[in-house]
Chemist: 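This is the structure I want to talk about, given as structure tokens.
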Protein chains: 2
Amino acid sequence: MTKPALRDWQSVRDEVRRRIHARQWKPGDLIPNETDLAAEFGCARATVNRALRTLAETGLLDRRRKAGTRVALQPVAKATLDIPVIRHEVEGRGQTYGYQRLARDWAVPPAQVSGSMRTPASRQMLHLCALHLADDLPYAVEQRWINTATVPAAEREPFLQISANEWLLAHAPYTHGDIAFSAAAADEAEAALLSCAVGAALFVVDRLTWDNAASVTKVRLIFPPGHQLRTAL
Amino acid sequence: MTKPALRDWQSVRDEVRRRIHARQWKPGDLIPNETDLAAEFGCARATVNRALRTLAETGLLDRRRKAGTRVALQPVAKATLDIPVIRHEVEGRGQTYGYQRLARDWAVPPAQVSGSMRTPASRQMLHLCALHLADDLPYAVEQRWINTATVPAAEREPFLQISANEWLLAHAPYTHGDIAFSAAAADEAEAALLSCAVGAALFVVDRLTWDNAASVTKVRLIFPPGHQLRTAL
DNA sequence: AAGTGGTCTAGACCACTCA
DNA sequence: GAGTGGTCTAGACCACTTT
């Protein structure tokens with residue numbers, strides 16, 4: 001019995017995964033090169049390349065020119081997190097989204113903020129505080145600093161109807177950014193907004209985005225106790 | 001002045017990103033099809049395809065057959081998290097890694113565990129508790145259930161020298177899994193292990209992995225106050 | 001120096017989806 | 001039905017890295 005040819009890159013990917021999982025190719029093993037695999041599978045080398053490249057991107061394979069392709073010794077799991085607009089996140093759960101702007105003011109930010117955003121320490125920035133609701137229950141508190149030197153249009157936006165979360169994505173594209181997840185104890189203000197006890201463990205997301213060398217916005221999203229961020233591996 | 005041809009897919013990707021960012025192509029706009037872009041850039045359609053496909057994977061473009069390619073209205077940020085072996089995570093920070101096995105026993109897991117792992121509710125499972133250290137300070141507590149029906153070799157492993165975290169990756173490949181991040185208040189045992197106050201806000205990672213339809217392991221990693229999980233956007 | 005993966009090309013066919 | 005992206009092919013050249 002001869003095997004049928006694997007016609008598409010997904011089939012090749014699945015077969016390679018199967019062999020690794022069946023321990024036919026063990027962690028650390030060198031697997032055949034693209035040309036040989038293409039011959040075995042009866043497809044073009046580009047097809048094998050696409051399959052192996054995809055597996056390497058997920059961390060299952062290590063590939064190096066000349067050295068060849070090896071099964072990763074300790075596959076670093078890569079989880080892809082989708083960070084949607086909060087409104088979509090809530091609506092995606094089948095809940096009704098609500099939004100309340102709590103504050104919009106001009107202030108000189110703490111040194112930590114101006115430092116990380118690389119703005120002059122004494123310059124005022126636009127500061128926002130808002131509450132996102134799901135089915136009329138608090139879903140997240142948003143605390144945000146906006147660099148109006150980078151996004152001048154934000155100066156004229158009241159953010160009463162639309163959250164900065166949503167407005168910025170449509171009006172201020174960014175080139176790159178950082179995101180950090182952590183846990184923090186609720187202070188009095190947060191406890192009041194999120195209807196929880198002072199000191200309760202809150203899930204916190206900090207995000208800082210850049211337009212090339214200019215900072216766009218720094219935001220902290222604070223979620224009530226019990227909130228989970230989930231994704232597939 | 002005519003533009004030089006864009007020779008590789010990275011250049012095409014960068015040019016498309018530049019046009020979107022310069023608002024030459026605005027959110028919601030339909031951009032030219034692959035054939036036209038290939039003609040304009042002086043490269044093959046496959047090159048344009050690779051560039052646009054990559055941008056679509058990061059959420060910047062929406063592509064649909066026949067409907068064409070549009071600039072995403074609200075680019076869903078995709079953050080790729082690397083979840084390495086804890087030892088590598090610690091060593092990557094330039095710290096010295098340490099490991100202590102605290103417990104290894106057989107027990108009937110709580111219903112929530114056997115339920116999510118789809119194992120018989122009354123069957124005993126291998127249960128582990130361990131402490132990971134960085135420069136002799138507590139880095140994370142690991143609480144783990146192992147389905148020995150799926151990974152029988154784990155029955156003979158004491159996990160004294162090597163953490164289950166590391167052993168399983170090398171000995172029990174998984175096909176898929178779920179991961180969840182949250183915040184939790186420290187109970188007395190956790191507070192003692194992590195040298196923090198009872199009730200302190202801890203960062204928690206829950207992970208459940210599968211070998212096809214069979215669960216492999218369910219693990220909870222608990223990090224001390226202040227711990228951050230960071231990544232680029 | 002040589003072997004491997006990385007990519008580009010030109011052409012082709014197909015799958016999906018909109019009108 | 002027709003337009004678009006998705007993919008495959010066969011061949012070619014190049015870049016990187018190890019020997």
Side-chain angles (χ1 to χ4, degrees), chain A residues 2-17 19-20 25-73 75-76 78 80, chain B residues 3-17 19-20 25 27-73 75-76 78 80:
Chain A
T2 60
K3 292 172 295 191
L6 300 181
R7 309 201 162 283
D8 51 39
W9 69 268
Q10 291 95 335
S11 309
V12 173
R13 178 199 59 195
D14 293 348
E15 171 63 13
V16 171
R17 266 209 291 241
R19 290 185 185 183
I20 292 172
W25 293 335
K26 300 185 187 65
D29 280 2
L30 193 60
I31 77 173
N33 68 32
E34 296 187 346
T35 309
D36 292 349
L37 285 175
E40 181 195 338
F41 293 148
C43 66
R45 181 166 79 93
T47 305
V48 173
N49 177 275
R50 174 85 187 265
L52 299 187
R53 175 161 42 85
T54 303
L55 290 171
E57 280 166 4
T58 67
L60 192 60
L61 296 175
D62 280 336
R63 319 193 75 198
R64 269 153 58 214
R65 284 159 152 134
K66 164 72 179 175
T69 299
R70 290 176 182 279
V71 180
L73 273 173
V76 173
K78 312 248 181 184
T80 304
Chain B
K3 291 173 294 191
L6 300 181
R7 309 201 163 283
D8 50 38
W9 69 268
Q10 291 96 334
S11 308
V12 173
R13 177 199 60 194
D14 293 346
E15 171 63 12
V16 171
R17 265 210 291 243
R19 290 185 185 184
I20 291 171
W25 292 336
D29 280 3
L30 194 61
I31 76 173
N33 67 32
E34 295 187 346
T35 309
D36 292 350
L37 285 175
E40 181 195 338
F41 292 148
C43 65
R45 182 166 80 94
T47 306
V48 173
N49 178 275
R50 174 88 188 262
L52 298 187
R53 174 162 43 86
T54 303
L55 290 172
E57 280 167 4
T58 66
L60 192 60
L61 296 176
D62 281 335
R63 319 193 73 196
R64 269 154 57 214
R65 285 159 152 133
K66 164 73 178 174
T69 300
R70 290 177 182 277
V71 180
L73 272 173
V76 173
K78 311 247 179 179
T80 304

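All of these numbers come straight from a predicted model, not from anything done at the bench. A note on names: the letters A, B, ... follow the listed sequences, proteins ahead of strands, and every chain is numbered from 1.
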Chemist: Which residues pass the side chain to side chain donor-acceptor pair (under 3.5 Å) test with B/Arg17, not counting sequence neighbours?
Modeler: B/Asp14
Chemist: Give, for atom OG1 of A/Thr69 and atom CG of A/Leu60, the distance between the pair rounded to the nearest 0.5 Å.
Modeler: 11.5 Å
Chemist: Do nucleotides 9-19 of chain C as a string where each nucleotide becomes B, S or -: B if the base has a protein heavy atom under 4.0 Å, S if just the sugar-phosphate does, - if no protein is that close.
Modeler: B--B--BBBB-
Chemist: For the pair made of CG in A/Leu61 and P in C/dT4, what is the distance, rounded to whole Å?
Modeler: 16 Å
Chemist: Does OP1 or OP2 of C/dG5 have a side-chain N or O of A/Asn49 closer than 4.0 Å?
Modeler: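 So the side chain of A/Asn49 is outside the cut-off, no N or O lying under 4.0 Å from OP1 or OP2 of C/dG5.
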Chemist: Going by the side-chain contact (heavy atoms from CB on, under 4.5 Å) test, name the single residue among A/Val71, A/Leu52, A/Val48 that passes it with A/Val16.
Modeler: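 Exactly one candidate clears the test, A/Leu52.
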Chemist: Excluding sequence neighbours, so at least two apart, what forms side chain to side chain donor-acceptor pair (under 3.5 Å) with A/Thr80?
Modeler: none
Chemist: Does OP1 or OP2 of D/dG6 have a side-chain N or O of B/Arg63 closer than 4.0 Å?
Modeler: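 B/Arg63 to D/dG6 OP1/OP2: side-chain N or O found under 4.0 Å.
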Chemist: Using atom CD of B/Glu34 as one end and atom P of C/dC8 as the other, report the distance to the nearest whole Å.
Modeler: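 Taking CD of B/Glu34 and P of C/dC8, I get 14 Å after rounding.
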Chemist: Rounded to the nearest Å, what distance is computed from the CG atom of residue A/Leu37 to the P atom of nucleotide C/dG6?
Modeler: 13 Å
Chemist: Can you list everything that forms a side chain to side chain donor-acceptor pair (under 3.5 Å) with B/Asp36? Sequence neighbours excluded, please.
Modeler: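 By the side chain to side chain donor-acceptor pair (under 3.5 Å) rule, B/Asp36 matches no residue at all.
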Chemist: Looking at D/dG5, I'd like to know if its phosphate oxygens (OP1 or OP2) sit under 4.0 Å from a side-chain N or O belonging to B/Thr69.
Modeler: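 Checking B/Thr69 against D/dG5: at least one side-chain N or O falls below 4.0 Å of OP1 or OP2.
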Chemist: Looking at A/Gln10, does any N or O in its side chain come under 4.0 Å of the phosphate oxygens OP1/OP2 on D/dG6?
Modeler: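 No, no such contact exists.
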Chemist: Among all residues two or more places apart in sequence or in another chain, which pass the side chain to side chain donor-acceptor pair (under 3.5 Å) test with B/Arg45?
Modeler: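 Side chain to side chain donor-acceptor pair (under 3.5 Å) list for B/Arg45, sorted by chain: B/Glu34.
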Chemist: Who passes side-chain contact (heavy atoms from CB on, under 4.5 Å) against B/Ala56, sequence neighbours left out?
Modeler: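 Expected list: B/Leu61, B/Arg63.
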Chemist: Nearest whole angstrom, please: distance from the P of C/dG5 to the CG of B/Asp8.
Modeler: 21 Å
Chemist: In whole angstrom, what separates A/Asp62's CG from C/dT4's P?
Modeler: 17 Å
Chemist: Roughly how many Å is it from CZ in B/Arg70 to P in D/dT4, rounded to a whole number?
Modeler: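 That distance rounds to 12 Å.
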Chemist: Roughly how many Å is it from CG in B/Leu52 to C1' in D/dG6, rounded to a whole number?
Modeler: 12 Å
Chemist: Rounding to an integer number of Å, can you tell me how far A/Leu30 CG sits from D/dT19 C1'?
Modeler: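 Going from CG in A/Leu30 over to C1' in D/dT19 covers 15 Å.
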